[in-house]
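Read the structure below first, then the notes.
Source: prediction; values computed, not measured.
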Amino acid sequence: MRCPYCSHPESKVVDSRPSDEGASIRRRRECLLCHNRFTTYETMESVPLMVVKKEGGRQLFDKGKLLNSMLKACEKRSVSLSTLQEIADNIEQTLQNDMNREVTSAYIGELVMEQLKEVDEVAYVRFASVYRQFKDIGSFMTELSKLLAEK
């Protein structure tokens with residue numbers, strides 16, 4: 001790390017502590033030449049995750065969109081926002097842990113349904129009805145029958 005005062009390439013770390021709720025590390029450094037102190041922040045570099053839509057288009061993964069879709073499915077249900085945020089975090093972590101930098105929206109939808117089924121069955125059916133685009137009452141009843149059979 002170059003000193004911002006004299007551009008000397010070497011410095012020593014005087015103090016190091018977590019910052020931004022653990023998302024980065026704040027380091028106090030001292031230049032070995034001029035002895036001035038300065039602060040640096042170290043963050044993990046994340047590779048962007050692309051979502052491949054049904055139509056073939058691509059867009060950046062947006063956890064906010066994921067959370068909003070689950071909020072709609074859980075409207076007027078007793079599912080807390082913290083639970084939905086935890087689900088969104090789990091799904092994002094699962095996607096980041098995969099080595100694929102491109103993931104289909106279908107895969108994300110399946111992950112959401114898997115999680116919602118455990119939390120609230122009505123929210124699961126609501127999400128599934130939009131996600132799977134049920135065409136008629138028969139396809140809707142088929143999904144409900146599967147849900148009842150699992151119980």
Item to check | Full working for side chain to side chain contact (heavy atoms under 4.5 Å, CB included) between R58 and K53 | outcome: CA-CA 6 Å; R58 286 172 169 66; K53 306 297 270 181; over 6 Å; no
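With sequence neighbours excluded, no residue forms a side chain to side chain donor-acceptor pair (under 3.5 Å) with E86. Applying the side chain to side chain donor-acceptor pair (under 3.5 Å) rule to N90 yields no partners; only residues at least two apart in sequence or on another chain are considered. For E114, there are no side-chain contact (heavy atoms from CB on, under 4.5 Å) partners two or more places apart in sequence or in a different chain. Taking the side chain to side chain donor-acceptor pair (under 3.5 Å) definition, one finds that K72 meets it with nothing, sequence neighbours left out. Taking the salt bridge (charged side-chain N to carboxylate O under 4.0 Å, His left out) definition, one finds that E121 meets it with K151, sequence neighbours left out. Considering only residues two or more places apart in sequence or on other chains, D89 meets the salt bridge (charged side-chain N to carboxylate O under 4.0 Å, His left out) condition with K63. Shown here are the side chain to side chain donor-acceptor pair (under 3.5 Å) partners of S78, two or more places apart in sequence or in another chain: there are none. Taking the side-chain contact (heavy atoms from CB on, under 4.5 Å) definition, one finds that V79 meets it with C74, R77, T83, L84, V119, D120, sequence neighbours left out.
Side-chain contact between M70 and I87: present, with at least one pair of heavy atoms (C-beta onward) separated by less than 4.5 Å. In this structure the side chain of V52 never reaches within 4.5 angstrom of the side chain of V103, judged on heavy atoms. At a threshold of 4.5 Å between non-hydrogen side-chain atoms, the residues L95 and L111 count as touching. Taking the side chain as every heavy atom from C-beta outward, D98 and Y107 approach each other to under 4.5 Å.
Side-chain heavy-atom separations under 4.5 angstrom define the hydrophobic clusters, and the remaining members of the one that includes M50 are L60. Connectivity analysis of hydrophobic side chains (ILVMFWY, heavy atoms under 4.5 Å, direct or indirect) links Y41 to nothing; its cluster partners are none. Using a 4.5 Å cut-off between side-chain heavy atoms of Ile, Leu, Val, Met, Phe, Trp and Tyr, F38 falls into a hydrophobic cluster with M1, Y5.
Residue E55 holds its CD atom at 7.5 Å from OG of S105, rounded to the nearest 0.5 Å. Note that OG1 of T104 and CD of E110 are 9.0 Å apart. Values are rounded to the nearest 0.5 Å.
Annotation for S69 and L66: closest pair OG-O, 2.7 Å, computed over non-hydrogen atoms. Residues A88 and L67 come closest through the heavy atom pair CB-CD1, 4.4 Å. Across all non-hydrogen atoms, the minimal contact from Y124 to M113 is CD1-O, 3.4 Å. For the pair R2 and S7, the tightest heavy-atom approach, listed with the atom from each and the gap, is NH1-O, 2.9 Å.
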Check residues 25-35 and write down every donor-acceptor pair under 3.5 Å in which the side-chain atom is one partner and the other belongs to a residue at least two apart or another chain.
{"from": "R27", "atom 1": "NE", "to": "E42", "atom 2": "OE1", "distance (Å)": "3.1"}
{"from": "R27", "atom 1": "NH1", "to": "S16", "atom 2": "OG", "distance (Å)": "2.7"}
{"from": "R27", "atom 1": "NH2", "to": "E42", "atom 2": "OE1", "distance (Å)": "3.0"}
{"from": "R28", "atom 1": "NH1", "to": "T39", "atom 2": "OG1", "distance (Å)": "2.6"}
{"from": "R29", "atom 1": "NE", "to": "T40", "atom 2": "OG1", "distance (Å)": "3.2"}
{"from": "E30", "atom 1": "OE1", "to": "R37", "atom 2": "NE", "distance (Å)": "3.3"}
{"from": "E30", "atom 1": "OE1", "to": "R37", "atom 2": "NH2", "distance (Å)": "3.4"}
{"from": "E30", "atom 1": "OE2", "to": "H35", "atom 2": "ND1", "distance (Å)": "3.3"}

